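None of these values were measured; they are calculated from a predicted model.
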Amino acid sequence: MEKNCAVYIDGTIVTPENAKISIFDRGFLFGDSIYEATLCENGIPLFIEEHQERLQNSASLIQMPLTHSLSKIKSAIVHTASTKNFKRGLVRWIVTRGVDRLNIFPGDNLQQSLIVIYKELPDYPARWYKEGLKMTLAEVKRNHPQSTNPEAKTGNYINSVLAAKEAQNDECDDAIMLNIYGEVTEGTTNNVWIVKDGEVRTPSLKSGILKGITRTKVLEICEKNKIAYRETKLSKEDLLNCDEAFITSSTKGLVPIHSIDQKVITKGFGKVSGKINKLYEKLTANYFKSFNNS
């Protein structure tokens with residue numbers, strides 16, 4: 001269990017030991033919930049407005065219109081973060097469809113539960129950023145968009161859990177999932193990128209991926225700085241024969257990929273990914289600075 005964290009449940013801040021929800025909550029029973037998570041610096045959540053927009057989109061995709069206003073959710077996030085003096089933290093906010101009878105068919109007029117978890121976030125391993133991640137290609141396939149749409153960030157995460165177990169079994173840092181057509185989609189909790197002949201490439205949304213917040217920021221960086229880029233279909237061969245590779249995540253930022261299925265790509269950031277990483281770090285630093293000055 002997380003020890004050093006604050007938890008908000010439906011209006012009340014509680015300790016981790018006292019953080020409880022009903023066993024009849026549909027989030028617990030069926031993964032019938034949506035969530036967002038992002039990095040915090042000194043209690044400031046990174047790109048919170050973009051995350052809130054995606055939360056609302058996830059609610060729409062699973063036919064669960066939010067009964068909590070976005071302003072109320074934001075206030076709960078900020079309030080929860082204010083209870084701990086973490087220099088660096090992770091905030092996760094969850095909305096479940098609510099407590100219901102034990103039946104797959106949702107009842108009417110359920111009271112949605114709002115949960116916020118704010119935990120201290122230690123530095124990730126220095127090796128990740130200096131040398132890169134060791135990745136495996138998972139056997140489990142990413143959900144098809146006509147099944148559980150990956151654009152909805154839901155609490156039903158068994159697909160990624162199975163891929164993560166494969167990574168553990170292969171003694172790797174993470175796994176990359178393909179879709180049923182053999183196209184690259186994403187990692188367990190991140191978007192995947194390659195660089196080939198100076199061009200940045202990442203799977204398109206049509207491949208069946210989550211529209212990552214950091215992914216969007218990197219695309220904007222490429223556009224603004226005239227870095228060649230393309231959202232496209234990527235194959236396993238594209239991954240194994242690229243010049244550089246990296247992942248993006250709201251909590252991890254940009255992290256280089258060292259190897260995929262034991263095939264070494266590069267050590268640390270390459271020329272193009274290194275440039276993008278510096279621009280992204282500048283962007284986030286300016287965000288936190290402007291937040292503090294507002």
Side-chain angles (χ1 to χ4, degrees), residues 1-40 45 48 50-84 89-121 140 142-143 145 147-165 188-189 210-211 213 250-251:
M1 186 199 311
E2 295 286 352
K3 295 291 186 181
N4 195 12
C5 67
V7 182
Y8 168 108
I9 302 178
D10 292 327
T12 304
I13 299 288
V14 297
T15 62
E17 295 79 10
N18 293 313
K20 297 177 175 63
I21 62 168
S22 169
I23 62 167
F24 295 105
D25 190 293
R26 292 183 61 87
F28 169 74
L29 289 173
F30 305 115
D32 194 1
S33 64
I34 55 176
Y35 83 97
E36 287 291 327
T38 193
L39 173 71
C40 290
I48 186 170
E50 289 90 336
H51 282 280
Q52 290 281 71
E53 289 176 11
R54 190 170 66 182
L55 184 81
Q56 195 164 46
N57 182 59
S58 294
S60 176
L61 288 171
I62 70 165
Q63 300 180 51
M64 190 186 81
L66 292 174
T67 57
H68 301 284
S69 69
L70 291 180
S71 61
K72 177 184 177 180
I73 295 172
K74 182 177 179 179
S75 294
I77 294 166
V78 173
H79 174 56
T80 307
S82 71
T83 65
K84 292 287 186 179
L90 179 149
V91 65
R92 177 182 176 124
W93 56 109
I94 305 148
V95 181
T96 80
R97 204 179 296 264
V99 176
D100 199 1
R101 50 204 175 128
L102 187 55
N103 193 306
I104 193 70
F105 292 92
D108 298 325
N109 304 314
L110 301 181
Q111 181 64 46
Q112 294 176 8
S113 294
L114 173 60
I115 301 160
V116 181
I117 304 170
Y118 182 54
K119 58 164 279 186
E120 189 168 27
L121 188 64
V140 64
R142 192 67 175 100
N143 293 332
S147 176
T148 304
N149 193 336
E151 280 199 59
K153 196 171 180 69
T154 74
N156 191 331
Y157 241 63
I158 195 66
N159 187 233
S160 291
V161 170
L162 292 174
K165 285 297 296 178
T188 56
T189 58
L210 180 71
K211 187 178 181 181
I213 305 301
S250 290
T251 54

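Here the OG1 atom belonging to T80 is positioned 11.0 Å from the CH2 atom belonging to W93, to the nearest 0.5 angstrom. Between atom CD1 of residue I73 and atom CD1 of residue I94 there is a gap of 11.5 Å, rounded to the nearest 0.5 Å. Rounding to the nearest 0.5 Å places CD1 of I115 at 10.5 Å from OH of Y8. The CD atom of Q52 sits 8.5 Å away from atom CG of L66, with the distance rounded to the nearest 0.5 Å. The distance from the CD atom of E120 to the CD atom of E2 is 10.5 Å, given to the nearest 0.5 Å. Annotation: the span from M64 atom CE to I34 atom CD1 amounts to 4.0 Å, rounded to 0.5 Å.
Legend: residues meeting salt bridge (charged side-chain N to carboxylate O under 4.0 Å, His left out) with K153, ordered by chain and number and at least two apart, are absent. Residues forming a ring pair (Phe, Tyr, Trp, His ring centres under 6.0 Å) with F28 (at least two apart in sequence, or on another chain): none. Not counting sequence neighbours, the partners of D100 by the salt bridge (charged side-chain N to carboxylate O under 4.0 Å, His left out) test are R26.
A donor-acceptor distance shorter than 3.5 angstrom exists from the side chain of H68 to the backbone of Q112, with no hydrogens or angles considered. Side-chain N or O atoms of D10 include one that pairs as donor or acceptor with a backbone N or O of L114 at under 3.5 Å. Remark: the backbone N or O of K211 is paired with a side-chain donor or acceptor of R54 at under 3.5 angstrom.
In this structure, a donor-acceptor pair under 3.5 Å is absent between the side chains of T148 and N156.
T83 and A6 make their closest contact through OG1-CB, 3.3 Å (heavy atoms, listed as atom of the first residue, atom of the second, distance). Scanning both residues, V7 and P16, for their nearest heavy atoms gives CG2-CA, 4.4 Å. Scanning both residues, S113 and D25, for their nearest heavy atoms gives OG-OD2, 3.2 Å. Between R142 and P150 the shortest heavy-atom distance is NH2-CB, 3.7 Å. Counting all heavy atoms, side chain and backbone alike, S250 lies closest to A37 at CB-O, 3.8 Å. Nearest heavy-atom pair across H79 and S82 is O-OG, 2.6 Å.
Counting non-hydrogen atoms of neighbouring residues, nucleotides and ligands closer than 6.0 angstrom, the CD atom of E17 exceeds 12 such neighbours. In this structure, Y157 places its OH atom where more than 12 heavy-atom neighbours from other residues, nucleotides or ligands lie under 6.0 Å away.
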- Task: Just do the side chain to side chain contact (heavy atoms under 4.5 Å, CB included) check on V91 and T38 with the steps written out, would you?
- Result: CA-CA 6 Å; V91 65; T38 193; 3.8 Å; yes
- Given the rule in the side chain to side chain contact (heavy atoms under 4.5 Å, CB included) test, do D32 and I62 qualify, once you have shown the distances and angles that lead to the verdict? CA-CA 9 Å; D32 194 1; I62 70 165; 4.2 Å; yes
